[in-house]
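Have a look at the structure below before the remarks.
This chain uses plain numbering: 1 for the first residue, then up along the sequence.
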Amino acid sequence: MTRTPRLTSDTAACCWIPLFALRCETARRPELAALPLALLAPDDTRRLWQVAPLARRAGVKPGMTVSQAIGLCPALKLCEPDPVHYDEQFARLVAALVTVSPVVEPVELGRAYVGTDGLEWLYGSPQQIVKEIQMLSAECGVRNAECKGKRREANDPSLKFRTPHSAFRIGWGRGKFVSWVAASRAKPGGSVIVRPGEERKFLASQRLAVLPLDPDTHRRLLQLGVKTLGALVALPEEAVVSQFGRAGRRLWRLAAGLVSEPVVGRVVPEPIVAALTFFTPVGDRDLLAHALDKLVDRALGDPRRSGWRVQVVRLHAELEHGASWLVEATLKDPSATRERIAAPLKTQLERSPPAGAVERLVVEFTAFAPGTAELQLFARDASAAARAGRRRALQSAAREIALRMNRPMLYHVIDVQPWSRLPERRYALIDFET
């Protein structure tokens, strides 16, 4: 593994397919398209994840329990999730987008940004770039469909997937936020283009929900009568900062079109994979946790990992009856030890185990960070690490207070003249260094 310089692009085309996982299911099982359909959540099969429009019209919403949903729509068709299949289909679409631009940044299932800086020399105007991406999405489905005639792969459901071109929405603009809002306003199969200099005018009429808001901030802004981005920008920036801190400043600047986050191309590293096939399907969590430890050890022993720490790890299982289960963890501090790598996966395994016996278990290391002993210099034991963590939290809180109050509010007490007979000369206050 070698370090590769990151590619960036200031202009972006946001490619979005809403309800991507649900559309994957209806693509390989067309008979479901005419039914009120809902997909169960991969991490909690008692709740719904994605809901088809027919079911939404009956009042069914994502996050509902199965009993609530069936009470509202007795004809509701429930579908077991197959996250490995959805991930494979999305990876195929991302690979197709890379043929248009080398700068592609996947964000979530069904949504990716394509950097378009310099593409005007190949394709022309933004409209022509968008048209090229739309044509590519259609051709991607055709190529997949052509594979169905091959003998061994004729019954492979992954090859029956057609990119839902009619649902493919594209937004073009300066920065990821503007392009995402544009894509969310595009009609199915269409596009919205925001030309440079028109960002603020375009964003002003958009509803508050397009911002990355937590529920509490959203509620507070609505209580203040702020319902659109234009209404938010009409407030003084410092007033928003005093109420919502650093997050408020970012929200205000996003709404004003002042933040232009570039698309960052991510060169996908060759993953390190370790797999285990069970002769008899396993459903016991303790046995699965033990197998997980063995697989992590095996992957850590791969020579390609030498000199690198693991940053992103995935665990997926192939279940009986063709279903699958998938979890992914991003380590806050990249590690090369089995315990720290396996811990978040074991937590997910305990919290939301596979909904069936496991036939095959696979561990993948998909992202890495350069190996270093720097952290050990500052945290030689658990207590030292805890003290360092508390100090970082205190510094972060002090910066937030100073930002909201527009001046420092925390001070250190230091000895100046401890021998003095006057108490006010013995100590002094200095600004808390953040």
Side-chain angles (χ1 to χ4, degrees), residues 9-20 50-51 53 56-57 61-62 105 107-108 110-117 120 125-131 133-134 137 164 166-263:
S9 172
D10 290 327
T11 58
C14 178
C15 304
W16 181 42
I17 302 178
L19 303 176
F20 184 85
Q50 294 186 355
V51 180
R56 281 181 178 269
R57 291 172 195 164
K61 297 179 181 178
E105 182 179 346
V107 180
E108 62 181 2
R111 178 157 64 107
Y113 294 102
V114 178
T116 61
D117 284 359
E120 63 273 9
S125 65
Q127 290 91 338
Q128 291 171 308
I129 295 173
V130 167
K131 184 178 179 180
I133 296 174
Q134 289 173 329
S137 71
S166 62
F168 202 77
R169 309 178 192 209
I170 301 177
W172 187 93
R174 181 172 170 269
K176 291 191 290 188
F177 178 68
V178 172
S179 66
W180 155 239
V181 177
S184 69
R185 293 296 171 264
K187 295 180 180 179
S191 63
V192 171
I193 294 175
V194 182
R195 297 196 171 276
E198 299 178 356
E199 293 87 1
R200 186 161 184 162
K201 180 181 178 181
F202 169 74
L203 293 173
S205 61
Q206 307 303 324
R207 297 189 65 82
L208 203 62
V210 300
L211 287 170
L213 296 169
D214 61 82
D216 181 62
T217 302
H218 193 191
R219 176 185 56 80
R220 291 172 61 190
L221 286 171
L222 290 177
Q223 289 175 342
L224 292 170
V226 178
K227 297 182 180 179
T228 64
L229 302 194
L232 178 61
V233 174
L235 298 174
E237 181 181 359
E238 292 306 320
V240 176
V241 173
S242 67
Q243 285 291 320
F244 301 99
R246 184 172 302 172
R249 186 183 298 280
R250 172 174 165 74
L251 294 174
W252 192 92
R253 292 186 173 180
L254 280 173
L258 299 178
V259 176
S260 177
E261 294 180 331
V263 181

**Trace of the side-chain contact (heavy atoms from CB on, under 4.5 Å) decision for V107 with K176** = CA-CA 10 Å; V107 180; K176 291 191 290 188; 5.6 Å; no
**Request:** I would like to know whether L251 and F244 meet side-chain contact (heavy atoms from CB on, under 4.5 Å); could you show each step before the answer?
**Result:** CA-CA 9 Å; L251 294 174; F244 301 99; 5.7 Å; no
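The salt bridge (Lys or Arg N to Asp or Glu O under 4.0 Å) check on R111 picks up E108, with sequence neighbours excluded. T116 is linked by a side chain to side chain contact (heavy atoms under 4.5 Å, CB included) to T11, A13, L119, I129, W172, counting only residues two or more places apart in sequence or in another chain. A search for salt bridge (Lys or Arg N to Asp or Glu O under 4.0 Å) contacts involving R56 returns nothing, not counting sequence neighbours.
The two atoms that bring S260 and R174 nearest to each other are OG-CG, 3.5 Å, heavy atoms only.
In this structure, Q206 contributes its side chain and A204 its backbone to no donor-acceptor pair below 3.5 Å. S191 places no side-chain N or O within 3.5 Å of a backbone atom of I170 that could act as its donor or acceptor partner. Side-chain atoms of R169 come within 3.5 Å of backbone atoms of A186 as a donor-acceptor pair (strictly under, hydrogens ignored).
Between V130 and Q127 there is no side-chain heavy-atom pair separated by less than 4.5 Å. Side-chain contact between R249 and E238 is present, with at least one heavy-atom pair separated by less than 4.5 Å.
Heavy-atom contacts from other residues, nucleotides or ligands closer than 6.0 Å to CZ of R219 number more than 12. When the shell of 6.0 Å around CZ of R220 is examined, it contains more than 12 heavy atoms from other residues, nucleotides or ligands.
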